[in-house]
Amino acid sequence: MLEMNKLTLLTLLFLTSCAFRSSQTSSPDSAQSAMFEENGPKILKPLAIFHIIEPLGLDLVVYNVVLDKVVRITMDKTISQIALEPGTWLVRGFTLNKGHYQVMNEAQRFSFTMKKKKNTYVGSYIFQCPKVNKTHLPQLKKMNFFNRYPFRSETGLCEMVVGSDYKNVNKVFLKLSKTKHPSLSLGF
């Protein structure tokens with residue numbers, strides 16, 4: 001079991017060595033840069049740390065409640081570090097295999113909160129259509145908890161599972177950081 005955890009950490013470390021990924025957004029003040037100006041000197045945006053278990057290559061659509069801003073983030077790394085403004089963000093949908101999926105129940109959307117000046121772990125994600133099945137049981141067992149969220153499109157149903165594997169993701173993030181960072185804050 002100890003060898004399995006070491007192998008998992010080494011795999012995550014390998015897959016995320018170049019994981020600093022910019023995102024795409026629909027507004028001019030893009031999340032592609034971690035810097036923005038507010039009447040003076042440049043201020044660094046905090047990083048949202050997404051852990052994508054499966055599959056890579058999807059676009060996640062998130063919405064900032066306060067700023068009324070939609071951001072589309074391409075998830076092509078196991079651990080993606082995305083610069084996002086502080087505040088509450090809701091997962092609205094995702095694009096997977098050319099299907100555009102939207103949340104089925106507006107009252108049960110996954111949300112996370114970005115804190116000012118703190119890099120924030122915003123969950124470990126699994127996406128599968130029509131439903132996340134027992135093939136992902138080993139990953140689910142490693143999580144402290146997880147929740148299921150149904151999505152729909154014109155082509156069918158999909159499910160997003162979001163859970164917390166904070167301990168392992170935080171270890172990998174601290175090892176990957178070239179500068180000293182405090183531990184990740186928890187965003188949900």
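Each residue takes its place number in the sequence, starting with 1. Quick note: numbers below take in every heavy atom, side chains included, and nothing from hydrogens, waters or symmetry partners.
- Of the possible donor and acceptor atoms, one in the side chain of Ser153 sits under 3.5 Å from a partner among the backbone N and O of Thr155.
- Residues Ser183 and Leu174 share a closest heavy-atom pair of OG-CD1, 4.1 Å.
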Residues Asp76, Thr74; criterion side chain to side chain donor-acceptor pair (under 3.5 Å); working and verdict: CA-CA 6 Å; Asp76 61 355; Thr74 299; over 6 Å; no
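- At least one donor-acceptor pair closer than 3.5 Å links the side chain of Asn119 to the backbone N or O of Leu47.
- Among all heavy-atom pairs drawn from Arg148 and Val132, the shortest one is NH1-O, 3.2 Å.
- You'll find the side chain of Glu85 stays beyond 4.5 Å of the side chain of Met114, heavy atoms only.
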When you look at Leu60 and Val62, which way does the side-chain contact (heavy atoms from CB on, under 4.5 Å) test go after all the steps? CA-CA 6 Å; Leu60 189 65; Val62 294; 4.2 Å; yes
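- Contact detail for Val71 and Lys69: the closest heavy-atom pair is CG2-CE, 3.9 Å.
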Please walk me through it: do Arg92 and Val103 pass side-chain contact (heavy atoms from CB on, under 4.5 Å)? CA-CA 6 Å; Arg92 276 197 163 168; Val103 68; 5.8 Å; no
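- Between Tyr121 and Phe188, the ring-plane angle classifies as tilted under the 30° and 60° cut-offs.
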side-chain contact (heavy atoms from CB on, under 4.5 Å) for Arg109 and Val91? Distances and angles first, verdict last. CA-CA 6 Å; Arg109 291 186 289 187; Val91 175; over 6 Å; no
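- The local environment of CG in Asn97 is sparse, with at most 12 non-hydrogen atoms from other residues, nucleotides or ligands closer than 6.0 Å.
- A donor-acceptor contact under 3.5 angstrom links the side chains of Thr95 and His100, judged on distance only.
- Pairing each heavy atom of Ser164 with each of Leu186, the nearest pair is OG-CD1, 4.5 Å.
- The main-chain N or O of Pro130 is never found under 3.5 Å from a side-chain atom of Glu159 such that the two would form a donor-acceptor pair.
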With side-chain contact (heavy atoms from CB on, under 4.5 Å) as the criterion, how do Ile79 and Ile52 come out once you've worked through the C-alpha distance, each side chain's angles and the decisive distance to 0.1 Å? CA-CA 6 Å; Ile79 293 184; Ile52 305 300; over 6 Å; no
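- Between Tyr101 and Phe94, the ring center distance clears the sub-6.0 Å criterion.
- The aromatic rings of Phe112 and Phe110 are tilted relative to each other, their planes meeting at an angle between 30° and 60°.
- Within a 6.0 Å radius of NZ in Lys131, no more than 12 heavy atoms belonging to other residues, nucleotides or ligands are found.
- Two residues are said to be in side-chain contact when any heavy atoms from C-beta on lie closer than 4.5 Å; Ile53 and Tyr125 fail this criterion.
- If you take NZ on Lys115 and OG on Ser185, they are separated by 4.0 Å, rounding to the nearest 0.5 Å.
- Nearest heavy atom pair, residue Asn64 against residue Val66, reads OD1-N, 3.0 Å.
- Residues Tyr149 and Asn105 have side chains that never bring a donor and an acceptor to within less than 3.5 angstrom of each other.
- The closest side-chain heavy-atom distance from Thr78 to His51 is below 4.5 Å.
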